[in-house]
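Values reported hereafter were calculated over all heavy atoms of this structure, with side chains retained and with hydrogens, waters and symmetry mates removed. Keep in mind that this is a model prediction, so the values were computed, not measured. Both ligands and their constituent atoms are indexed starting at 1 by order of listing.
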Amino acid sequence: MTELRGKFIVFDGGEGCGKSTQAKMLETRLQQHGVDVLNIRDPGTTRIGEMIRAILLNPDHLEMAMRCEMLLYMAARAQMMKETIQPALDAGRLVISDRFVSSTLSYQLGGDGLTSGDIRAVAEVTIAGRWPDLTLILDMPVAVSRSRVQAKYEHRNDTLFGKDVSRVVKDRIEQRSVEYHEQVRDNYLKQVQADPSRYQLIAADRQVQEVHEDIWAAVTSGK
Ligand code: TMP
């Protein structure tokens with residue numbers, strides 16, 4: 001295996017783009033090469049983060065203000081940074097995160113006037129300046145990803161603290177309009193264009209193995 005692009009790798013993109021599957025495939029392949037991997041999801045992973053996740057995604061919380069929403073994602077992330085990511089990086093492990101600040105820069109950008117400067121400033125405090133080395137944006141048309149989300153929710157089984165919270169409804173964010181999700185996709189594409197040294201665009205509307213090979217090439221291409 002050639003040199004890795006870094007020790008902190010993020011998978012991001014719209015719902016149903018295959019992030020979790022691809023994160024798992026990358027984890028397995030890295031482990032086969034003897035790399036010690038921590039694979040986590042944002043928001044969540046820690047006890048406190050999972051509680052914040054439940055507040056954020058609860059479809060009943062329709063009155064939540066966008067600045068509250070942004071800060072709750074950051075709060076969950078701050079806990080995850082302190083409790084899991086930073087200790088893992090300090091121990092020399094490779095961290096794969098399913099979503100990170102790049103999600104906030106796509107989903108909360110523009111809401112209630114939030115600018116990318118506002119979000120980055122809060123993120124800087126949240127993650128104590130440890131930005132990911134590489135963010136892989138899995139991109140596909142919104143119509144395709146939304147049809148995949150439908151399928152996911154029809155079969156969704158989920159637990160929270162051992163309690164069965166299986167749902168047949170979409171979560172609070174997934175329920176938003178097609179226009180909102182088109183804007184989210186556009187915000188991801190703009191992030192890639194603005195910072196090609198730390199971001200890589202991956203066409204995700206293809207066979208799982210083909211997508212994985214592109215990801216592997218991106219991760220092992222060195223600096
Ligand atoms: P997930 O289902 O991919 O784990 O993501 C949870 C939801 O939270 C998803 O709809 C995207 C949304 N989200 C944001 O709106 N902002 C964020 O910063 C993050 C991390 C997720």
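The shortest N or O to N or O distance between E69 and ligand 1 is not under 3.5 Å. Residue D42 has no N or O atom closer than 3.5 Å to an N or O atom of ligand 1. Ligand 1 has no N or O atom lying under 3.5 Å from any N or O atom of D98, backbone or side chain. Between Y73 and ligand 1, at least one N/O pair is under 3.5 Å apart. The shortest N or O to N or O distance between E174 and ligand 1 is not below 3.5 Å. For ligand 1, the polar-atom distance check against R53 finds a nitrogen or oxygen pair separated by under 3.5 Å.
Using a 4.0 angstrom heavy-atom cutoff, L57 counts as in contact with ligand 1. The shell of residues lying under 4.0 angstrom from ligand 1, judged by heavy atoms, excludes M70. Residue K19 places a heavy atom under 4.0 Å from ligand 1.
Checked against the 6.0 Å centroid criterion, the rings of F100 and F8 qualify as a close aromatic pair.
Within the cation-pi definition used here (under 6.0 Å to the ring centroid, within 45° of the axis), R29 qualifies as a partner of W216.
By the 4.5 Å heavy-atom criterion applied to side chains, N187 and L105 are not counted as neighbours. Counting heavy atoms from C-beta on, the side chains of M140 and R206 never come closer than 4.5 Å. Between M64 and L56 the shortest side-chain heavy-atom distance falls below 4.5 Å.
Residue-level proximity to ligand 1 for T104 is carried by backbone and side chain together, each with a heavy atom below 4.0 angstrom. Looking at Q108 against ligand 1, only its side chain comes within 4.0 Å, counting heavy atoms.
Ring-plane geometry between Y107 and Y188 is classed as perpendicular, the angle between the planes exceeding 60 degrees on a 0 to 90 degree scale with a lower cut at 30.
The environment of M25 atom CE is dense: over 12 non-hydrogen atoms of other residues, nucleotides or ligands sit within 6.0 angstrom.
Here is the list of ligand 1 atoms found below 4.0 Å of a heavy atom in I173: 10 (O).
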